[in-house]
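To start, the structure under review is shown below, and the notes come after it.
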Amino acid sequence: MSEFIGSCMCGAVQYAVKSEPRLSFLCQGRQCQRITGTGHSAEFMASEKDIDISGELKFYELTADSGNTVTSGFCPTCGNPVLKKSSGFPGILFFHAATLDNPTVFMPQAVFWGVSHQPWDYVNPNIEIKEYA
């Protein structure tokens, strides 16, 4: 069983990833800052076909800095952001690492949209910074 299982704050939405995530990263884009309420989001990517999700999500659609349409899935009960979808990555789901039952399994491999970083948001300088995802 995968170590990548998690839920929203109230537990109404739960998920399990049946394979290793494709990529784990931090995003410092303005939309990610606003969605998480902090300087960056911590996310991991997995194929939609490798995910079991239970519970209802509500979705909010926006245009990302990349120009892709990003759809954010939130728990309608507690408001916790759980996942995202991007038109630039069909068939892929992006989960917020803080929703993991054991968030210590999350190890970011890259930072995206570093150009939008906030000076008060410290990110490990040993993680590779890429222009965008």
Side-chain angles (χ1 to χ4, degrees):
M1 182 178 221
S2 171
E3 294 183 80
F4 286 82
I5 57 174
S7 67
C8 64
M9 191 177 323
C10 72
V13 176
Q14 299 181 5
Y15 66 86
V17 181
K18 298 181 282 188
S19 63
E20 286 298 311
R22 292 183 178 202
L23 177 68
S24 296
F25 62 93
L26 305 177
C27 178
Q28 294 182 314
R30 285 296 292 142
Q31 289 85 359
C32 286
Q33 292 172 15
R34 287 187 173 115
I35 287 169
T36 61
T38 190
H40 64 271
S41 65
E43 302 178 35
F44 61 92
M45 299 169 57
S47 176
E48 208 165 9
K49 65 180 176 46
D50 293 335
I51 309 295
D52 287 329
I53 298 178
S54 63
E56 176 189 3
L57 289 168
K58 293 291 183 184
F59 292 93
Y60 176 75
E61 191 173 282
L62 58 94
T63 301
D65 293 337
S66 65
N68 292 326
T69 299
V70 174
T71 306
S72 292
F74 298 84
C75 172
T77 304
C78 66
N80 193 174
V82 176
L83 62 84
K84 292 187 218 164
K85 299 177 186 182
S86 172
S87 63
F89 297 88
I92 300 294
L93 296 176
F94 299 83
F95 287 87
H96 291 280
T99 64
L100 286 164
D101 289 350
N102 179 9
T104 63
V105 299
F106 176 78
M107 300 299 278
Q109 299 160 298
V111 175
F112 297 111
W113 292 102
V115 69
S116 300
H117 82 278
Q118 299 302 317
W120 45 262
D121 183 43
Y122 175 80
V123 171
N124 182 342
N126 295 323
I127 302 172
E128 180 183 2
I129 296 177
K130 299 190 179 213
E131 284 306 308
Y132 85 91

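Everything numeric here is computed off the predicted structure, so don't read it as measured data. Numbering starts at 1 and runs along the sequence shown. Only this structure's heavy atoms are used, side chains among them; waters, hydrogens and symmetry mates stay out.
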- Task: Assess whether side chain to side chain contact (heavy atoms under 4.5 Å, CB included) is satisfied between Asp101 and Tyr15, documenting all intermediate values.
- Result: CA-CA 10 Å; Asp101 289 350; Tyr15 66 86; over 6 Å; no
Measure across [X] and [Y] and return the closest heavy-atom pair with its distance rounded to 0.1 Å.
X	Y	value
Thr77	Ala12	OG1-CB, 4.4 Å
Ala64	Val70	CB-CG2, 3.6 Å
Pro108	Leu26	CB-CG, 3.9 Å
Ser24	Phe106	CB-CE1, 3.6 Å
Asn80	Ser7	OD1-O, 4.4 Å

- Query: Hey, what else clusters with Trp120 if you join Ile, Leu, Val, Met, Phe, Trp, Tyr whenever side-chain heavy atoms sit under 4.5 Å?
  - Reply: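 Its cluster mates, by chain and number: none.
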- Using only heavy-atom distances, determine whether the side chains of Gln33 and Arg30 contain a donor-acceptor pair under 3.5 Å.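 The answer is yes; a qualifying pair exists.
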- Item | is_close_aromatic(Phe94, Phe89), centroid dist under 6.0 Å | yes
Should [X] and [Y] count as side-chain neighbours, where that means a heavy-atom distance under 4.5 Å?
X	Y	answer
Phe44	Val17	yes
Cys10	Cys75	yes
Val123	His40	yes
Met45	Phe25	yes

Look up atom [atom1] in [X] and atom [atom2] in [Y], then write down how far apart they are to the nearest 0.5 Å.
X	Y	atom1	atom2	result
Thr99	Met9	OG1	CE	11.0 Å
Gln109	Arg22	CD	CZ	13.0 Å
Leu62	Thr69	CG	OG1	8.5 Å
Lys18	Asp52	NZ	CG	4.0 Å
Thr36	Gln31	OG1	CD	11.5 Å
Thr71	Leu83	OG1	CG	9.5 Å

- Message: Go through it in stages, so that I can follow the logic: the residues are His96 and Lys84, the test is side chain to side chain contact (heavy atoms under 4.5 Å, CB included), and I'd like the CA-CA distance, side-chain angles, deciding distance and then a yes or no.
- Response: CA-CA 8 Å; His96 291 280; Lys84 292 187 218 164; 3.6 Å; yes
- Determine, using the 4.5 Å side-chain heavy-atom cutoff (strictly less than), whether Val13 and Phe59 are members of one ILVMFWY cluster.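 Yes, it is one cluster - the side chains of Val13 and Phe59 are joined through contacts under 4.5 Å.
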- Query: Are Trp113 and Ile35 linked, directly or through other ILVMFWY residues, by side chains that come within less than 4.5 angstrom of each other?
  - Reply: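 Hydrophobic grouping puts Trp113 apart from Ile35.
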- salt bridge (charged side-chain N to carboxylate O under 4.0 Å, His left out) partners of Asp50, counting only residues at least two apart: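 Per chain and number, Asp50 pairs via salt bridge (charged side-chain N to carboxylate O under 4.0 Å, His left out) with no residue.
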- Message: If we check side-chain contact (heavy atoms from CB on, under 4.5 Å) with Phe74, which of these qualifies: Cys78, Ser72, Pro76?
- Response: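 The option that passes is Ser72.
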- Query: Got more than 12 heavy atoms from elsewhere within 6.0 Å of OH, Tyr60?
  - Reply: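 No, the 6.0 Å shell around OH holds no more than 12 heavy atoms from other groups.
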- Please lay out, stage by stage, how Ile92 and Ser86 fare under the test side chain to side chain contact (heavy atoms under 4.5 Å, CB included). CA-CA 8 Å; Ile92 300 294; Ser86 172; over 6 Å; no
- Task: Start with the C-alpha gap between Ser54 and Gln14, add the side-chain angles, then the distance that decides, and say whether side chain to side chain contact (heavy atoms under 4.5 Å, CB included) holds.
- Result: CA-CA 5 Å; Ser54 63; Gln14 299 181 5; 3.6 Å; yes
